[in-house]
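Read the structure below first, then the notes.
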Amino acid sequence: MEASARITCNFLGLKEGDTALLCLPLDYIAGKMMMVRALTCGLQLFSVEPSGHPLNNVQWSNRFLKRFAPLGQRMFNNQWSLVAMVPLQVWNSLQVPEERERLMQIRHLIIGGGAINDELAEALKDFPNAVWSTYGMTETLSHIALRRLNGKERSDWYTPFEGVTISLNEDNCLCINAPAVHDGLLVTNDIAVLENGRFRILGRKDNVICSGGVKIQIEEVERMLRAHVRVPYLITKVPDARLGEAVVLLTTAADVESLRDICHQVLPPYWCPRHFLSVESLPMTATGKPARAEAERLARDIY
């Protein structure tokens with residue numbers, strides 16, 4: 001954990017005395033690693049109760065400013081060196097002008113724990129300070145790679161930390177060799193592509209649809225539709241006697257014919273859903289991610 005903390009702080013150029021805000025639960029590795037970074041690298045760590053709005057007035061004035069003035073007042077008006085958030089916290093903060101302003105003042109904002117969709121990435125692209133998407137997991141003691149979401153260095157490709165090497169197995173799943181933080185080769189379920197030592201994630205191995213001999217990545221279909229479909233939707237699958245598996249689009253919209261037209265316009269022919277099913281609500285996890293197994297069960301029940 002100390003090695004992981006040093007790698008992150010060195011990559012971001014953080015030094016002793018820099019300020020960091022803990023707004024994630026200590027039950028999970030992301031929160032634990034914020035504490036370890038502070039202990040290992042001499043950061044001044046302050047905390048607020050984990051919530052969907054960690055930068056709101058009540059949190060800051062009651063739990064931070066009164067306790068840590070005058071340092072608290074200076075940090076309230078200027079910038080933090082390091083803050084880690086999940087996408088939902090960032091999205092919520094963007095909706096409130098005062099919170100958005102504080103978010104923009106963070107020197108290094110690292111976002112993990114969930115996918116960053118195109119809309120959120122677009123909202124962050126012009127931020128004045130560094131905004132990062134993280135890649136990692138509990139087994140790697142938080143992240144082992146970062147990619148910039150804003151500025152001239154904005155990219156879809158993750159850059160591994162020094163000492164981390166990556167490869168693909170026969171299923172094109174990402175394999176990680178990070179001896180400083182994990183013993184042995186770690187084989188993930190993330191399907192990836194490699195380029196010049198960097199990698200891009202296409203989706204989960206579990207989320208591949210094999211339809212008529214063609215492998216279709218659920219996340220890639222959703223990504224291609226995102227700019228064109230304005231109603232809530234998910235891509236899933238059902239068994240098919242001829243194709244093996246058939247692509248299904250679940251939506252809360254009643255008008256599925258317009259969605260059918262959009263899909264035929266923007267998707268490759270073999271990616272187009274064969275079934276469009278209208279549902280009352282889309283299955284989601286408590287953290288706002290698609291509940292893939294539940295979506296598949298729902299599609300099978302309806303179909």
Side-chain angles (χ1 to χ4, degrees), residues 1-12 14 20-41 43 45 47-52 54 82-90 108-117 120 131-147 149 157-169 171-192 194 198-207 219 284-294:
M1 294 178 86
E2 289 178 352
S4 174
R6 290 191 186 95
I7 291 169
T8 295
C9 290
N10 289 339
F11 186 93
L12 298 178
L14 298 173
L21 178 67
L22 173 64
C23 57
L24 298 171
L26 284 170
D27 298 333
Y28 299 96
I29 190 64
K32 288 179 170 67
M33 284 308 304
M34 284 297 293
M35 180 72 74
V36 175
R37 290 177 196 123
L39 291 169
T40 302
C41 302
L43 306 180
L45 184 68
S47 67
V48 293
E49 191 75 21
S51 75
L82 177 66
V83 180
M85 293 186 184
V86 297
L88 180 61
Q89 290 175 316
V90 178
H108 289 287
L109 173 63
I110 59 176
I111 308 172
I116 298 174
N117 62 36
L120 179 56
V131 183
W132 304 90
S133 171
T134 69
Y135 180 86
M137 56 208 72
T138 301
E139 292 87 345
T140 59
L141 301 175
S142 191
H143 48 263
I144 52 87
L146 296 174
R147 69 179 177 95
L149 295 174
W157 297 83
Y158 286 95
T159 299
F161 291 149
E162 185 176 356
V164 176
T165 56
I166 53 174
S167 59
L168 299 179
N169 67 6
D171 294 322
N172 289 321
C173 288
L174 186 71
C175 302
I176 302 169
N177 184 22
V181 297
H182 184 271
D183 291 330
L185 187 69
L186 178 62
V187 180
T188 75
N189 279 325
D190 291 324
I191 294 177
L194 307 184
R198 303 180 302 167
F199 65 92
R200 184 166 67 89
I201 300 297
L202 300 182
R204 300 282 293 176
K205 180 182 176 182
D206 304 336
N207 298 334
E219 293 92 339
M284 307 295 285
T285 68
T287 57
K289 301 177 184 178
R292 299 294 183 187
E294 187 178 345

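On a predicted model such as this, the values are computed, not experimentally measured, just so you know. Residue numbers count from 1 along this sequence. Excluded from the calculations below are hydrogen atoms, water molecules and symmetry mates; all remaining heavy atoms, backbone and side chain alike, are included.
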Next item on the list: Report yes if some heavy atom in the side chain of Glu139 is under 4.5 Å from a heavy atom in the side chain of Thr188; otherwise report no.
Entry: no

Next item on the list: Just say parallel, tilted or perpendicular for the rings of Tyr158 and Phe199, cut-offs at 30° and 60°.
Entry: parallel

Check: Can you tell me how far the CG atom of Leu39 sits from the CE atom of Met33, to the nearest 0.5 Å?
Finding: 10.0 Å

Margin query: If the test is side-chain contact (heavy atoms from CB on, under 4.5 Å), which one of Leu186, Ile191, Leu194, Asn169 qualifies with Leu174?
Written below: Leu194

Next item on the list: Work out which heavy atom in Pro54 is nearest to a heavy atom in Val48; give both atom names and the distance.
Entry: O-CG2, 3.8 Å

Check: Do Cys23 and Val83 come within less than 4.5 Å of each other through their side chains, counting heavy atoms only?
Finding: yes

Next item on the list: Report yes if some heavy atom in the side chain of Phe161 is under 4.5 Å from a heavy atom in the side chain of Val181; otherwise report no.
Entry: no

Check: Do Lys205 and Asp171 pass the salt bridge (Lys or Arg N to Asp or Glu O under 4.0 Å) test, and can you show the C-alpha distance, the side-chain angles, and the key distance before you say yes or no?
Finding: CA-CA 8 Å; Lys205 180 182 176 182; Asp171 294 322; 3.1 Å; yes

Check: Which atom names give the shortest non-hydrogen contact between Gly31 and Leu22, and what distance separates them?
Finding: O-CD1, 3.8 Å

Notebook entry, point to check: Counting only N and O atoms by type, is there a donor-acceptor contact under 3.5 Å from the side chain of Glu2 to the main-chain atoms of Val36?
Noted result: no

Margin query: For a 4.5 angstrom cut-off between non-hydrogen side-chain atoms, does Met34 reach Leu82?
Written below: yes

Notebook entry, point to check: Would you say the side chain of Leu141 lies within less than 4.5 Å of the side chain of Ile29, judging by non-hydrogen atoms?
Noted result: yes

Check: Rounded to the nearest 0.5 Å, how far apart are CG of Leu185 and OG of Ser167?
Finding: 5.5 Å

Item checked: Reported OG-to-CG distance for the pair Ser51 and Leu24, which is rounded to 0.5 angstrom -> 10.5 Å

Margin query: In the structure I gave you, are the side-chain heavy atoms of Asp206 and Arg292 within less than 4.5 Å of one another anywhere?
Written below: no

Checklist line | Expected output: side-chain Lys289 to main-chain Gly113 donor-acceptor under 3.5 Å | finding: yes

Next item on the list: Over all heavy atoms of both residues, which pair between Pro25 and Pro50 is shortest? Give the atoms and the distance, please.
Entry: N-CG, 3.7 Å

Next item on the list: Identify which one of Ile111, Leu146, Ile116, Leu120 satisfies the side-chain contact (heavy atoms from CB on, under 4.5 Å) criterion when paired with Ser133.
Entry: Ile116

Next item on the list: Measure the shortest side-chain to side-chain distance between Leu45 and Met35 over non-hydrogen atoms and say whether it is less than 4.5 angstrom.
Entry: yes

Item checked: Minimum heavy-atom distance Pro160-Ala145, with the two atoms named -> CA-CB, 3.7 Å

Notebook entry, point to check: Quick one: is the NZ or CZ of Arg147 closer than 6.0 Å to the six-membered ring centre of Trp157, and within 45° of its axis?
Noted result: no

Next item on the list: Enter the distance from Leu168:CG to Cys175:SG here, rounded to the nearest 0.5 Å.
Entry: 7.0 Å

Note to self: For Arg37, run the side-chain contact (heavy atoms from CB on, under 4.5 Å) check against Leu14, Thr8, Leu12 and tell me which one passes.
What the structure shows: Thr8

Next item on the list: To the nearest 0.5 angstrom, please state how far the OG1 atom of Thr285 sits from the CD atom of Glu294.
Entry: 10.0 Å

Note to self: Nearest 0.5 Å, please: how far is CD in Glu219 from CG in Asp190?
What the structure shows: 8.5 Å

